[in-house]
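Inspection log for the structure reproduced underneath, given as structure tokens.
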Amino acid sequence: MALRMWASSTANALRISTANASSSSAVIPPAFSLARCFSTVLEGFKYNSSHEWVKHEGSVAVVGITDHAQDHLGEVVFVDLPESGKPVSKGSSFGAVESVKATSDINSPISGEVIEVNKKLSDSPGLINTSPYEEGWMIKVKPSDPSELGSLMGPKEYTKFCEEEDASH
Amino acid sequence: MTLDPSTNIHFVSQFEYPQNLQIEQQIASSNAFRESGPAEKEALIRKNSIDDALEDKICDIYELYVEISEENSGPHVKVLYEEKYIDKFRENLMFCKFPMAVSRTRNIGLPLISLLRLNGMPILEQLHLEERLLRTTSENWCLINNGTTDPTIVMGVSGKPVELLDTESVLRDEISVIRRYTGGGTVIVDHATIFVTFICNKDAISGLQSYPQPIMCWSSLLYKEVFKGIGDFTLRENDYVLGNRKFGGNAQSITKNRWVHHTSFLWDYEISRMGYLKLPKRAPQYRQARDHLEFICRMKDYIARSDFIDRTISAVGSHFQLRYSEQEFFDRGANVKLSL
């Protein structure tokens with residue numbers, strides 16, 4: 001699956017139309033990074049420095065981890081998420097993913113209350129790898145302070161951030 | 001205690017901090033050096049001698065040592081300037097008898113790490129301690145626990161007993177089962193298991209990204225030094241192996257700004273206890289469906305127990321500046337009494 005995303009990103013980069021457009025690009029044309037992993041970075045999303053994304057849709061904010069994150073973590077085998085009704089706080093951990101013998105904290109880009117949790121992830125944690133921005137969404141949050149979005153990175157800024165992070169290591 | 005209804009196994013709670021810790025804090029020692037004869041000592045000293053800059057540093061530190069001694073001792077300190085005392089100081093300096101001094105000479109610029117040597121701490125207490133150090137301190141730590149008490153099964157964060165254990169025999173023999181806070185698989189540990197844990201800030205090690213693969217690779221470099229000349233050590237699909245047999249289970253936990261990497265090394269094991277563990281659904285390719293006894297090996301067949309610990313401490317010392325932890329870290333926060 002990762003290979004297909006890579007191929008699709010490369011094809012887009014070279015302005016070649018693909019025979020089977022992946023479902024993730026059907027609705028939103030992706031802005032993509034030509035950084036060495038060809039990680040996908042999407043327009044309309046906001047990003048934090050610990051590689052989580054948030055998409056604000058009216059009164060609901062959807063949260064997940066980025067393509068860069070899932071690529072560096074490896075195959076996700078387990079996801080630990082909070083229950084609906086629990087509070088989340090910007091910059092603090094709200095759950096964890098397990099991959100390759102490691103649990104990694106997931107940190108919320110915004111504060112608010114969890115109103116929905118992606119139940120598909122308990123049976124199919126791999127959705128985080130194959131579709132980090134769509135089917136791999138983790139929680140939906142009712143934001144308590146929408147102005148927090150202002151301090152997050154946009155796609156171009158986040159792409160640059162990833163490039164710099166990868167280059168310095 | 002929480003009960004897993006599908007198997008009737010009681011999980012011991014992960015969230016109670018221990019009231020009493022017995023921790024033995026020791027200087028990173030070099031028993032091998034102290035026990036070796038004069039010719040070997042000479043050879044070891046020569047091997048560890050570097051250059052004039054180091055020599056100058058040693059002199060500076062010796063001056064400092066004398067100053068401190070003068071403050072504390074009195075007139076007899078002038079004998080310290082006799083050659084034999086300088087040589088003795090230099091000998092000891094080279095082999096971590098004065099860890100702060102060593103760190104100033106050999107390890108200038110390396111990150112600090114506090115070394116905690118534990119003996120027979122119950123594994124649940126060790127895991128509690130690790131989580132506490134991970135989440136409530138900002139220092140780098142290296143824990144070495146030389147064996148635990150009772151045989152205990154330790155599963156990864158997502159482990160399901162019914163899939164991973166022969167629950168009937170586990171319940172019959174009343175073996176404790178713990179679910180730890182890191183990922184990875186299932187191990188059974190006892191007095192013959194040696195635990196080594198690193199708890200580090202994410203930017204402690206220059207050039208290391210705090211993701212699972214890079215951390216694993218870094219750890220394998222450290223252990224490669226430990227096993228140099230001892231056995232055919234490699235990192236194979238996230239396992240430490242000698243030849244093609246696993247002798248150490250690894251796991252990690254990564255938070256926003258810190259990470260933990262811990263290993264349980266099979267110094268020795270009892271064949272019958274491996275029977276509590278089923279063949280896992282998820283297994284590395286190199287395992288090739290071998291059962292436990294064909295897949296793992298004993299470290300004791302390769303290296304003496306104290307040698308392994310000494311060599312590990314030495315390897316840690318080449319990546320970090322070693323130091324003692326301070327008692328205040330244990331007194332602040334939760335009610336933890338420390339007896340030394």
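These numbers were taken from a predicted model, which means no experiment stands behind them. Any value given below was found using the heavy atoms of this structure, including those in side chains, with hydrogens, waters and symmetry copies removed. A note on names: the letters A, B, ... follow the listed sequences, proteins ahead of strands, and every chain is numbered from 1.
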Worksheet entry | Qualifying residue, where the test is side chain to side chain donor-acceptor pair (under 3.5 Å) with A/Lys101 and the options are B/Asn238, B/Thr182, B/Asp239 | B/Asp239

Worksheet entry | Among B/Gly183, B/Pro212, B/Pro214, residue most engaged with chain A (heavy-atom pairs, under 4.5 Å) | B/Gly183

Worksheet, complete the sentence: Answer key: most heavy-atom pairs under 4.5 Å with chain A among B/Val260, B/Asn257, B/Thr255 is B/Thr255

Worksheet item: So what's closer than 4.5 Å to chain B heavy atoms on A/Ser49: side chain, backbone, both or neither?
Response: neither

Worksheet entry | Residue-level interface, residues 75-97 of chain A with chain B, non-hydrogen cut-off under 4.5 Å | A/Glu75, A/Val77, A/Phe78, A/Gly91

Fill in: residues 107-116 of chain A: residues contacting chain B (heavy atom under 4.5 Å, by number)
A/Asn107

Practice prompt. Would you mind checking if B/Arg258 and A/Asp105 are paired as a salt bridge, meaning a charged N to carboxylate O distance below 4.0 Å?
Written response: no

Fill in: Contact check, side chains of B/Gln209 and A/Glu165, non-hydrogen atoms, under 4.5 Å
yes

Worksheet item: Taking C-beta and beyond as the side chain, do B/Lys256 and A/Asn48 meet within less than 4.5 Å on heavy atoms?
Response: no

Item to complete: Starting at OG of A/Ser168, measure out to CG of B/Asp203 and round the result to the nearest 0.5 Å.
Response: 10.5 Å

Fill in: Heavy-atom pair of closest approach, residues A/Thr103 and B/Val157
CG2-CG1, 3.2 Å

Worksheet item: Just by modelled atom types, is the B/Tyr211 backbone N or O under 3.5 Å from a matching donor or acceptor in the A/Ser104 side chain?
Response: no

